[in-house]
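Data block below; observations after.
Keep in mind that what you see is a predicted model, and the values were worked out from it rather than measured. Every chain is numbered from 1 and lettered A, B, ... according to where its sequence line falls, protein lines coming before strand lines.
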Amino acid sequence: MKHWWWKFLAVALVLSASIAALRTPLAPAVVYVDAGEVSAGAAALRVVGYGTRFTESPVQAYLENGGQFVQAMRIEVADDRHLTAHFEVPAGLREDLCDLIVSAPGQGDMRLFDAFFYRSKGAGAATGTVKAPQRTQREGFVFPNRNLLYESIRNLNFHVPMWFTMMLLQTIALVFSIRVLSGGDPLHDRGALAAVQVSLLFAFLGLITGSVWARATWGGWWTGDTKLNGAAVTILIYLAYLVLRGSATDPAKRARLAAIYNIFAYVLMLLFIMALPRMTASLHPGSGGNPAFSQYDLDASLRPVFYAAVLGWMGIGTWLLHLQYRLARLEIAKNHA
Amino acid sequence: MRGAELVHLLKLEAALDLRQRAAWGGMVLYVASAIYTCHLAVQEGASGSAWSALFWIILLFAAFNALARSFQREDGGRQLYLHTLAHPRSVVLARTAYNAVTMLVLSLLSLLFYTVFLGDEPLRAGDPLQFTVAVALGGIGFASVLTLISAIAARAGSGIGLMAILGFPIVLPMLLAVMQASRLALSGALWGETAPYFLGILLIDVVALSLAWLLFPYLWRD
């Protein structure tokens, strides 16, 4: 029991994080406005929300453009998800694109970024604007609801932990490989092999979850993105590692060759993953100049679930490795007996 | 490991290569046939990106072909003999340097053949000097990354097949950088735009060489 606690902890973390990832509702958000472009004058904007409760409490609507705010004159709420906001849009606002903000007590400020083009640009509107409205607080435990991502943001708690776990296991394999070269214990060689095998399992899980996500947000199962090239290189390297082990027959020589290849490949792969994506364009969060999730919307509710998922999956990966390692130890002991 | 030892080993490499002129002939012929095949396949002249893609595919496989034989000529006895004479780190440094020179010559030769048979319009539309630098750096880069891989494949007792499997994922980052640089060169970019890629390639070279220096003695121990 004493040695088991971390396995129970890992299972508990993965289960609770997965349930939370799938069951937590998304924050209410504005997802659609029926206007493409708007000029100065009266404008009636039909607004569609997702997970919103417009009928529950009084709703306010604003436009924001270059730091200036315009309040809706009148709002007709059709049902919980649909309303029409009537604006008197002034001339001379500063920017080409307007944000739309719908706010309701308990549901927070629902902002649709770059909602439509504004056709009467100038040096700032003289009349018709209001002060920045007071922020309304959102209640309840909800995930952020972002354009393009929508419900798929839940995948953050599955896709990213897979890659983190894979990297952890590959680093363990590296340590085993270094110990092979400095000592030559056959158990270390088997440990490196076990770590590589389990890391490949997580790499394929990361690939599948990433592919589904790419399909939902980018429109293709596989794209030419730098981050995806990095993933492909990683998987090819460790498959090549397995092929190399298969083609050398003498166990001591195989252990050394595999260890050398593993160290060489790991360091060059690290260099590739750290350096090159910063030089090329990428759609993937966290590369090509894009911020990672943590910088803008890994907010208070998503963060604990995400960390629990990462720790839990790392625990499961370590458990799998531990089983493989013990199996190898038994095999070696049996061969010696 | 001394400088004199390195010079001796380099001379040895050159002498062995001179004795096996057929090997050089084979490499050049390999490139020439690949380029001629492309010439036959691409009748109306290739556009810029296809032109550069074909060239890099040819050079990549030529590099695998040329570098695979780098450690193949040491069978058990000769390797042991060399081991008693020289430090393994000198051996790997000398051989990487020699391979780099080989690849430099081979890649520039390939570029020459390539422009003769597939035309130099894309090259003249961009910056020929930048493209040539990218090709030269790419050739040297392939040599620095693939020399240790070639040694591993030779020690595993397999031929060029294993070398390609082991080497491809490792050379891919460098290939991506060098292809990006040559795309920029062909579109007439300034030196300032391609320089980060060239520096990236040099960085990979340095890291690969240090790792080879560090790891090779373990590879040679039996």
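Going from atom CG of B/Leu166 over to atom CG of A/Leu239 covers 11.5 Å, rounded to the nearest 0.5 Å. Atom CD1 of B/Ile152 and atom OG of A/Ser247 lie 10.5 Å apart (nearest 0.5 Å). Once rounded to the nearest 0.5 Å, the distance linking OH of B/Tyr218 with OG of A/Ser182 reads 7.0 Å.
Side-chain contact check for A/Ile260 versus B/Leu148: some heavy-atom pair is nearer than 4.5 Å. Contact check for A/Phe264 versus B/Ile149: side-chain heavy atoms found under the 4.5 Å cut-off.
Looking at B/Phe216, neither its backbone nor its side chain comes within 4.5 Å of chain A, counting heavy atoms on both sides. Contacts of B/Leu172 with chain A are made by side-chain atoms alone, with heavy-atom separations under 4.5 Å and no backbone atom involved.
Here the closest non-hydrogen pair linking B/Pro169 and A/Leu236 is CB-CB, 3.7 Å. Shortest non-hydrogen contact noted between A/Phe272 and B/Pro173 is CD1-CB, 3.2 Å.
Enclosure of atom OH in A/Tyr150 by more than 12 non-hydrogen atoms of other residues, nucleotides or ligands within 6.0 angstrom is indicated. Atom CZ of B/Arg69 has more than 12 heavy atoms from other residues, nucleotides or ligands within 6.0 Å. A 6.0 Å sphere centred on OH of B/Tyr30 holds more than 12 heavy atoms belonging to other residues, nucleotides or ligands.
Options A/Ile263, A/Leu244, A/Thr234 differ in how many heavy-atom pairs under 4.5 Å they form with chain B, and the most are formed by A/Leu244. Ranking B/Ile165, B/Leu214, B/Ile170 against chain A, the residue ahead of the rest is B/Ile170, based on heavy-atom pairs under 4.5 Å.
Although no hydrogens or angles enter the test, the distance criterion places a donor-acceptor pair under 3.5 Å between the side chain of A/Lys253 and the main chain of B/Arg155.
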